[in-house]
Structures are given as structure tokens and as C-alpha cells.
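Here is the structure we will look at.
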Amino acid sequence: MLGKLTIDALPFYSGVAMAGALTVVCGALGVVAIITWLGRWRFLWSEWLTSLDHKKIGIMYVILALIMLVRGVVDALMIRTQQAFAFEPHGYLPPDHFDQIFTSHATIMMFFVAMPFVLGLFSIVIPQQIGARRVAFPFMNSAGLWLTVSGATLVMISLVVGRFSTAYWTAYPPQSGMQFSPDVGVDYWIWAVLLSSVGSILAGISFLVTIVKRRAPGMRLMMMPLFTWTALCASILIIFAYPSLIVAAALLGLDRHLGTQFFAGSDGVLNYISLFWIWGHPHVYILILPACGIYSEVVATFSGRRLFGYKSLVYSMVAITGLSLVVWLHHFYTIGSGADVNAFFGRAAPLIAVPTIVTIVCWSLTIYLGQVKFSVPMLFTLGFIVTFLVGGITGFLFAVIPPSIHDTTFRVAHFHNLLIPGALFGYFAGYQYWFPKAFGFRLEEKWGRRAFWCWIVGFCLAFMPLYILGFMGMPQRLNRSDVADWQPYLIVAQAGVLFIVCGVTFLAIQIAVSIRDRKALAASSNDPWNGRTLEWATASPPATYNFAAVPHVQGIDPWWTLKQAGTLDHRSARFHDIIMPGKSSAGIMLGAMSFVFAFAMIWQIWWLAAAGGLGIFAAVLSQTFHDHAGQRIPASEVEAIESRRGVSPALGREART
């Protein structure tokens with residue numbers, strides 16, 4: 001009746017694993033108990049979990065990212081602690097458990113921290129930046145969130161029931177095949193990746209159509225904010241790249257359970273690796289491009305001037321998008337593709353550095369020509385510029401230094417050197433920058449600065465020693481060593497992770513202090529940073545409909561232009577009824593049933609899988625009957641809301657329903 005699920009699935013194999021399982025269970029029960037004690041279940045269900053408001057969906061995405069960030073950083077601390085103190089003795093983690101943590105850390109950071117952060121910021125900001133009242137497909141946006149949540153839940157529950165994959169986050173066969181991974185760990189990885197990937201594609205389609213079809217009147221493509229441009233580019237990459245990963249994961253599952261041989265033999269392994277990196281290389285830019293858009297907005301706002309070289313920045317983002325799709329084969333120069341193929345990809349790969357350099361030059365000139373305010377978002381931006389250059393330079397070293405470094409910690413350092421400053425720092429900058437827009441009060445600066453310095457110091461200490469260890473020949477993914485010369489560097493790297501843990505802790509303290517002092521930190525206006533783009537023309541936090549009157553755009557930085565021209569019209573506007581998407585429980589039910597179905601398939605509980613499959617069908621079917629349903633907000637209510645919020649309606653023409 002319970003398939004392969006037995007009492008042996010509980011984590012009795014390790015005291016550390018049992019402690020992790022108890023932490024997850026107690027944390028979940030604690031959240032349930034607090035919500036029950038406060039009596040907020042009905043409010044949570046009606047106002048948040050079933051909401052189709054893009055802003056609330058975006059906030060839930062970011063909350064998921066922050067929760068999973070804590071888990072990912074704890075995994076990193078466990079990895080570095082094991083490596084730092086497992087000199088000759090085996091350390092505190094058995095090899096199998098170490099491999100699980102190594103795999104879960106990378107999987108969580110790539111799929112359940114970075115992507116939810118990106119999609120969350122898109123969902124909060126993009127419709128407001130382009131003058132739209134909602135996303136093009138509200139249900140798809142909701143479904144994308146809850147499918148991602150279901151995938152993250154699978155990763156978390158693998159701590160409690162069963163084990164996670166030991167085949168690393170790339171899951172290369174034959175290590176991920178039944179012969180070497182007969183337990184359910186790889187199945188957890190496959191289903192978590194499948195659910196989050198489908199969710200990402202749904203969100204990507206929604207944002208692409210929103211940007212193309214729902215821009216405010218007058219906003220041509222070359223008038224869009226840079227963050228919107230990077231969202232457009234990233235959405236295109238999501239739609240083109242993620243199907244390859246879905247195919248690879250699905251075929252790997254068929255090989256494991258139906259005996260197919262899609263990835264059997266050396267040719268099959270190369271097929272899997274090719275499919276994986278057709279997704280994997282663009283995915284790096286899916287994560288970095290939005291951060292570049294955030295840096296562009298932050299630099300312009302806190303330098304007090306229009307971005308230097310706006311068109312150059314746009315063309316650079318588009319060039320990076322195109323090149324990211326045609327450089328994936330540079331991972332496989334040794335597989336015998338032929339001289340012509342290798343020459344093409346060999347020439348294309350370094351070209352991507354050119355538009356990257358252009359973007360950094362444009363930001364630097366904007367800063368140089370402006371009057372910089374060193375707020376927390378700007379600090380993360382400056383930290384990115386300095387540290388990202390190191391990562392770029394080390395990337396060139398792979399082409400000129402003997403290949404002995406290619407499977408060492410040098411690669412680990414380079415990869416993190418690109419993604420932590422290039423992506424995560426950007427998300428932190430955007431999170432700090434748009435927080436008052438989402439909640440109506442700023443985050444406390446003192447704790448934000450402390451978090452920034454901990455992240456910078458921690459990053460340098462955690463990864464710069466890995467470059468040196470790579471030159472010394474230390475392999476990546478090593479759980480213990482007997483080389484005495486490596487240990488001082490590993491101990492420094494472990495100390496760096498402790499600084500990063502402090503950085504995460506300070507971010508949590510910052511939220512708590514800011515909520516406590518929210519009255520003192522309340523934004524003095526709807527535009528606390530003296531912003532330049534349309535999202536700062538709405539209330540903070542915005543009404544459900546964002547704009548009472550759809551704005552008409554004339555030129556780049558329309559909000560800044562209106563403020564500088566002094567043409568804001570505070571006279572009464574003519575309001576109209578507004579139709580907005582209603583609430584829908586189909587999204588959360590789809591996510592819940594997808595989790596049930598995936599969990600049942602992992603453990604081969606066929607009756608539960610059938611129930612989950614029927615639940616998925618019912619959730620999708622129910623939404624088809626409510627696809628055009630919405631809630632009408634009367635003009636009188638719109639007028640009352642706008643008068644209370646003190647927002648100038650004069651940006652817009654006559655409001656459309």
C-alpha cells in the first residue's frame with residue numbers, strides 16, 4: 001500500500017541527518033502553530049494563497065527564496081566545516097551524507113533561491129514599470145509559484161523521508177542511473193527539477209507576453225527601463241532553454257524505472273550532458289541578466305542621473321542573450337565535434353565578454369558623472385562591480401592555464417565568483433531597493449550595511465582560497481584530505497562561510513527591526529529614493545490595480561521627466577470602473593496535487609499517484625470555468641482609494657477597464 005516507503009526511510013543513518021529532519025519538522029509545525037494561535041488561516045488563504053495579484057505572488061516568491069537561502073547557506077557551512085576539519089580523520093559527515101549535502105546545496109541555490117528571487121522581483125516590479133495593471137496571464141503566474149513551491153518542498157522533505165541525490169546537481173549518468181544510485185535520491189532530484197522547471201516556463205511565458213502586449217501607451221521598446229529589458233531577455237531564455245532540461249530529466253527518469261537506454265554508453269552520456277548544458281549555460285545568464293537590470297536601476301537612481309549609454313546597455317543585454325544560446329558547446333571541446341564546430345564555439349565564447357564590459361563601463365561612467373548616495377542597494381552594486389571583475393578574469397585563465405585546474409576547486413571558486421556577485425548581490429540590491437514599494441516602509445540601513453560587509457568579507461574569505469587550492473591541485477567535491485598544505489586555506493574558507501552566515505542573520509534581523517520600527521521607517525512619500533521609472537508613480541504599497549489611470553509615456557525615465565518638468569497635475573481625474581482578476585484556489589491546489597503526485601511516484605505508491613494525477617486534472621479543469629471571471633472595482637471605490645493614498649492620477653489618460 002505504501003510502495004517502497006518503510007520505516008527505514010527515516011534518517012536513522014546519521015545523527016546529523018536526524019537533527020536536520022527534526023529541525024524541518026519542528027520549523028513547519030512551529031509556523032502552523034503560530035498562524036493557528038494568531039487565527040490568521042482565513043486571512044492567509046483569502047488574501048495571499050489564493051490571490052492572483054502579481055505583487056503578492058512576487059512577495060511569496062521572494063519569501064520562498066529567502067527561506068531556501070537559509071537552507072542553502074547551512075548546507076554550505078556543513079560542507080566547508082567537513083572539509084576544514086576532516087584532515088586524515090573522516091570528519092563528522094559520512095561520505096554518502098556529504099554527497100547529499102553537496103547536491104542539495106547546489107540544487108537549492110540554482111533552482112529554489114536564484115529562480116524564485118528572479119521571478120519574484122519580476123512579478124512585483126515589471127507590470128508597474130511598464131504601466132500595466134496586471135500580468136497577461138494571472139493564473140499562469142500563480143501556477144508557476146506553486147509548482148516551484150512544490151519542488152522546493154520535495155527537496156526539504158527528502159531530509160525527513162528518504163535521502164536526496166548523491167549524483168551532484170548535474171545528475172550525470174551513469175552515476176545517476178539505477179546501478180550507482182538505486183535509492184530514491186535521484187528521483188527526488190528529478191521531480192523537484194521537473195516541477196520547478198514547468199513553473200519557470202509558465203512564469204516566463206506570462207512575463208514575456210506582459211512586456212510585449214501590456215506596455216503603457218507610448219512606451220516603445222527603446223523606452224523600456226533596463227530592468228524590464230533584462231526581464232524580457234531572461235523570459236526568452238527561460239522559454240528556449242528550460243524544455244531541454246525537462247527532456248533530460250524526464251528521459252533520465254525513464255532510464256531509471258522503465259529500462260530505456262536513452263543515456264546508456266558513452267554516446268548516451270554525452271547526449272545527456274549536451275541536453276543539460278543547452279539549458280545550463282543560458283541559465284547562468286537567466287540569473288545574471290536580471291541582476292544587471294537591477295544594477296542599472298540602482299545606479300541611475302542613486303547617481304541622480306540618466307544611465308550613460310542607455311542604447312548601448314540595451315544592445316549589450318540583447319547580445320548577451322543571443323550569445324548565451326550559442327556557447328554551450330564550449331564545455332565539450334574534447335568530445336570530437338570537429339575542428340569547424342570547435343572553432344565556431346571557440347570564437348563565440350569570448351565574445352560574450354565584450355557586451356559585459358560595455359555594461360560595466362556604462363555603469364561606471366554613470367556613477368562618475370553623477371552624485372552618488374551610498375545606500376545599501378548602491379553598496380551591493382559597487383561590491384558586484386569589484387568582485388565580478390575577478391570572476392571574469394579567472395574565466396579567461398581556463399583557456400591559457402594547463403587543463404589540470406579544470407576539475408579542481410578553481411572551477412568552484414570561478415563559478416561562485418560569477419553567481420554570488422553577478423546574481424545574488426543583485427537580488428539583494430533589488431530587494432532592498434523595492435522593499436518600500438512593496439510594503440510602504442524602508443528597510444533599516446544600519447543592519448543592511450552590516451549584512452553587506454559580512455557578505456563581501458565572507459565571499460572573499462570563502463572563495464579566494466579556493467583559487468589557490470585549485471592551483472595546488474585540490475579536486476572539487478572532495479569530502480576529506482590528507483594533504484597538510486591544503487588545510488590552512490580550507491579553514492580560511494570555512495571562516496568565510498561563517499561571515500556569510502552572519503550576513504544572512506543580519507538580513508533577518510534587519511527585517512525584524514524594520515517591522516518593529518515600521519512607523520519611523522515609513523516612506524515619507526510614494527517615491528522614497530527619488531526614482532526615475534513608473535513604479536514610483538504608484539502608491540507605496542500600490543493598490544490592487546496599480547494605476548487608477550493608465551499612464552501615457554513620453555520618453556525614457558517618464559516619472560523623472562514629469563517631476564523635473566513640474567508638470568504633475570494634482571487636479572481631480574475622471575475615474576472609471578476597473579476589472580481585475582478575482583481570487584483562485586486552482587494555483588495552490590495544482591501545486592499541492594503536483595507535490596502529492598511526485599511524492600507518490602518517487603515512492604511508487606500507485607493509488608496516491610492516481611489521486612494526485614486526478615487532483616492535478618481537477619485543478620486545471622476548475623480554472624477553465626473561471627478563466628474570464630474577475631472582480632469589478634467601482635469608480636467610486638477607486639476614487640476613494642486614490643484620495644486616501646494621495647497619488648497623482650495625472651500620469652494617465654482615461655483609464656481602461
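Quick note: residue numbers are just sequence positions, from 1. Just so we're clear, the structure is a prediction, and the values are computed from it rather than from any experiment.
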Please collect all side chain to side chain donor-acceptor pair (under 3.5 Å) contacts where either partner lies in residues 241-252, sequence neighbours excluded, each pair once.
-> Tyr242-His283

Going by the side chain to side chain donor-acceptor pair (under 3.5 Å) test, which pairs reach into residues 600-618, not counting sequence neighbours?
->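 As it turns out, the side chain to side chain donor-acceptor pair (under 3.5 Å) pairs with a partner in residues 600-618, which skip direct neighbours, are Tyr188-Trp603.
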
Do Arg71 and Asp75 meet the salt-bridge criterion of a basic N to acidic O distance under 4.0 Å?
-> yes

Asp96: what forms a salt bridge (charged side-chain N to carboxylate O under 4.0 Å, His left out) with it, not counting sequence neighbours?
-> Arg163

Who pairs with Asp99 by salt bridge (charged side-chain N to carboxylate O under 4.0 Å, His left out), at least two apart in sequence or on another chain?
-> none

Hey, could you give me each pair passing salt bridge (charged side-chain N to carboxylate O under 4.0 Å, His left out) that has a residue in [range]? Not counting sequence neighbours.
range	value
residues 235-257	Asp187-Arg256
residues 3-15	none
residues 598-626	none

Partners of Leu49 by side-chain contact (heavy atoms from CB on, under 4.5 Å), sequence neighbours excluded?
->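 Leu49 satisfies side-chain contact (heavy atoms from CB on, under 4.5 Å) with Leu44, Trp45, Met60, Trp146, Ile588 once adjacent residues are dropped.
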
Taking side-chain contact (heavy atoms from CB on, under 4.5 Å) as the test, write out the residues that go with Ala17, two or more places apart.
->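 Pro11, Tyr13, Ser14, His97.
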
Mind checking what makes ring-ring contact (aromatic ring centres under 6.0 Å, His included) contact with His54, not counting sequence neighbours?
->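 His54 satisfies ring-ring contact (aromatic ring centres under 6.0 Å, His included) with no residue once adjacent residues are dropped.
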
Of all residues at least two apart in sequence or in a different chain, which pass the ring-ring contact (aromatic ring centres under 6.0 Å, His included) check with Trp191?
-> Phe597

Classify the ring geometry between Tyr272 and Phe276 as parallel (under 30°), tilted (30 to 60°) or perpendicular (over 60°).
->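 The rings of Tyr272 and Phe276 lie parallel, inter-plane angle below 30°.
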
Under 3.5 Å, which donor-acceptor pairs link side chains of residues 113-121 to any protein atom two or more places apart or in another chain?
none

Under 4.5 Å between any side-chain heavy atoms of Gln487 and Ser481, yes or no?
->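 Sidechains of Ser481 and Gln487: in contact.
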
